[in-house]
Number of protein chains: 2
Amino acid sequence: MPAHSILNTLNDALRRDALENIGKMHMPAGSVVFSAGEQCRGLPLVTGGSIKVQMTGLSGQSIVLYRMGADDICTLSIGCLMTGRGYRAEAVVEEDAEALMIPRGLFDRLMDQSEDFRLGIMESYGRRLDDLMLLVEEVAFRRMDERLREWLAARSGKRVLAITHQELAVELGTAREVVSRLLKEMERNGEVLLSRGKIALPGSFE
Amino acid sequence: MPAHSILNTLNDALRRDALENIGKMHMPAGSVVFSAGEQCRGLPLVTGGSIKVQMTGLSGQSIVLYRMGADDICTLSIGCLMTGRGYRAEAVVEEDAEALMIPRGLFDRLMDQSEDFRLGIMESYGRRLDDLMLLVEEVAFRRMDERLREWLAARSGKRVLAITHQELAVELGTAREVVSRLLKEMERNGEVLLSRGKIALPGSFE
DNA sequence: TAGCTTCAGTGATAAAGTCACATTCAGCGT
DNA sequence: ACGCTGAATGTGACTTTATCACTGAAGCTA
């Protein structure tokens with residue numbers, strides 16, 4: 001079965017326990033892992049693919065909070081698991097994803113009996129808090145044109161991005177018109193090449 | 001000693017352990033609990049007063065992320081404690097505060113041996129994540145005049161707030177001028193009464 | 001009371017968000 | 001191949017927020 005590094009350090013007894021109780025999930029791109037208000041039924045350990053977590057405000061506008069990929073832990077689920085409150089955000093699969101689902105009982109046993117498991121969970125939590133703090137700062141203080149350029153630069157491995165302006169607006173937490181205008185400006189500068197649902201980055205058209 | 005509810009459920013052995021190893025801290029208003037980059041030396045359990053956690057961006061601008069009060073746990077410290085990375089934010093005492101400082105070793109023992117302690121830590125983490133997610137949404141999408149009014153309304157218990165426009169700007173993650181203009185507008189509407197370093201709320205001057 | 005320092009007010013301008021609508025494109029059915 | 005339709009994009013007009021560069025006012029201290 002696809003491994004998750006947090007399981008590597010378990011002793012034989014716990015490993016057996018884990019093998020018996022872990023559920024395996026395959027989720028095709030586009031599927032919704034959980035949505036706002038929903039109850040949590042276990043802790044997902046992501047083993048592959050890409051999942052984005054986003055929230056929708058009262059205003060109806062959405063913003064992407066962070067992504068999960070191979071070897072990530074869905075820290076957000078732990079809080080829901082422990083308190084019984086529903087999710088505040090929703091998670092959508094971007095690239096076909098796989099995850100191991102740890103049910104509540106097993107989670108409690110692992111937390112009780114494995115120091116390394118606890119350590120992994122705590123580290124994951126810490127990283128998530130850091131991410132969110134950085135996001136707050138970015139949203140509050142940074143200029144949108146810089147943030148857009150950085151978002152694109154971070155994905156310059158792909159020569160052509162298949163994304164609409166609306167989706168990009170949700171990534172950055174802004175309005176579609178703002179993204180459209182900035183991209184148009186960038187196209188005039190020769191920084192990108194636009195077509196319906198696609199953004200071609202330099203290197204792909206020079 | 002001032003209690004923290006997370007310690008209430010410990011059994012006798014752990015309680016003794018705790019009593020022997022917990023450090024007690026008194027911090028006067030204005031003192032800095034920790035600042036950015038600093039290493040973490042233990043987990044603070046806040047038992048009284050008020051501490052604000054804020055971060056300063058690359059731009060040099062700051063924003064208040066959240067506050068801690070009686071019975072709160074400084075979740076942010078756990079990540080630093082586990083990974084050894086420095087704090088990304090800073091914490092400043094607003095109203096004289098007290099906290100119990102749990103050193104790393106004791107924290108590990110409590111996490112190992114008390115299910116309730118673990119539960120308390122996880123719940124605290126969950127709440128903090130929720131807070132930060134809500135803050136992201138607020139900063140990204142809500143109007144500044146509404147946010148300012150809500151901030152003031154949440155403190156309408158005090159008839160007169162002793163705060164400068166600059167401090168208020170940090171609370172909301174905006175510029176001082178913006179706060180000044182909005183407050184001036186509110187004063188024209190009779191919603192507040194301004195004087196140097198003070199904001200008088202309705203009820204105090206009607 | 002003169003001089004300093006901090007706090008607050010304000011005009012000008014740029015960036016970003018909002019609203020309303022026009023235009024363009026891709027896919028689909030006939 | 002043609003025209004329809006819905007989604008995606010373009011854009012003007014206007015408001016809100018951010019930034020810059022000051023001015024003025026309040027309180028403190030020597």
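So you know, we letter chains A, B, ... as the sequences are listed, proteins then strands, and number each from 1.
- Sorted by first and then second residue, the side-chain hydrogen bond (donor to acceptor under 3.5 Å, both in side chains) pairs with a member in residues 25-36 of chain A read A:S35-A:E38; sequence neighbours excluded.
- Here the C1' atom of nucleotide D:dG10 and the CZ atom of A:R188 are 10 Å apart, to the nearest Å.
- Atom CZ of A:R176 is separated from atom P of C:dC21 by 15 Å (rounded to the nearest Å).
- Between A:D108 and A:R104 there is a salt bridge, since at least one side-chain N of the basic residue sits less than 4.0 Å from a carboxylate O of the acidic one.
- Between B:H165 and C:dG9 there is a side-chain polar atom (N or O) within less than 4.0 angstrom of OP1 or OP2.
- For the helix from C:dT1-D:dA30 to C:dT30-D:dA1, the rotation axes defined at the first and last 5 base pairs enclose an angle of 20°, given to the nearest 10°.
- Residues passing the ring pair (Phe, Tyr, Trp, His ring centres under 6.0 Å) test with A:F141, sequence neighbours excluded: none.
- Residues B:E185 and B:R188 are paired through a salt bridge, judged by an N-O separation under 4.0 Å between the basic side chain and the carboxylate.
- Position along DNA chain D of the nearest nucleotide to A:E177 versus A:E167 favours A:E167 as the more 5'-ward residue.
- Protein atom CG of A:L194 is 15 Å distant from nucleotide atom C1' of D:dT11, rounded to whole Å.
- If you measure from atom CG of B:L193 to atom P of C:dA8, you get 14 Å, rounded to the nearest angstrom.
- Atom CG of B:L168 is separated from atom P of C:dG9 by 12 Å (rounded to the nearest Å).
- Salt-bridge check for A:R128 with A:D131: passed, with a basic side-chain N closer than 4.0 Å to an acidic carboxylate O.
- Taking CE of B:M133 as the start and CD1 of A:I63 as the end, the distance is 12.0 Å to the nearest 0.5 Å.
- Not counting sequence neighbours, B:R181 has no partner by the side chain to side chain donor-acceptor pair (under 3.5 Å) test.
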What nitrogen or oxygen pairs link the protein and nucleotides 14-17 of chain C at under 3.5 Å?
from   : atom 1 : to     : atom 2 : distance (Å)
C:dA16 : OP1    : A:M144 : N      : 2.5
C:dG17 : OP2    : A:T174 : OG1    : 2.3

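- Salt-bridge formation is not detected for the pair B:E177/B:K184: no Lys NZ or Arg NE/NH1/NH2 atom is positioned less than 4.0 Å from an Asp or Glu carboxylate oxygen.
- Taking atom CD on B:Q166 and atom P on D:dT19, their separation rounds to 12 Å, with Å as the unit.
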Q: Go through the steps for B:C80 and B:F34 under the test side chain to side chain contact (heavy atoms under 4.5 Å, CB included), then give the verdict.
A: CA-CA 12 Å; B:C80 299; B:F34 54 78; over 6 Å; no
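- As a whole-Å value, the separation of B:I199 CD1 from C:dC7 P is 13 Å.
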Check the interface with nucleotides 27-30 of chain D: list each N/O to N/O pair with the protein under 3.5 Å, or write none.
none

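- The pair B:E150-B:R147 does not meet the salt-bridge criterion, since no charged nitrogen lies less than 4.0 angstrom from a carboxylate oxygen.
- For the pair A:E187 CD and D:dA8 C1', the computed distance is 14 Å after rounding to whole Å.
- A donor-acceptor pair is defined here as one N or O able to donate and one able to accept, closer than 3.5 Å; no such pair exists between the side chain of B:D71 and the backbone of B:H4.
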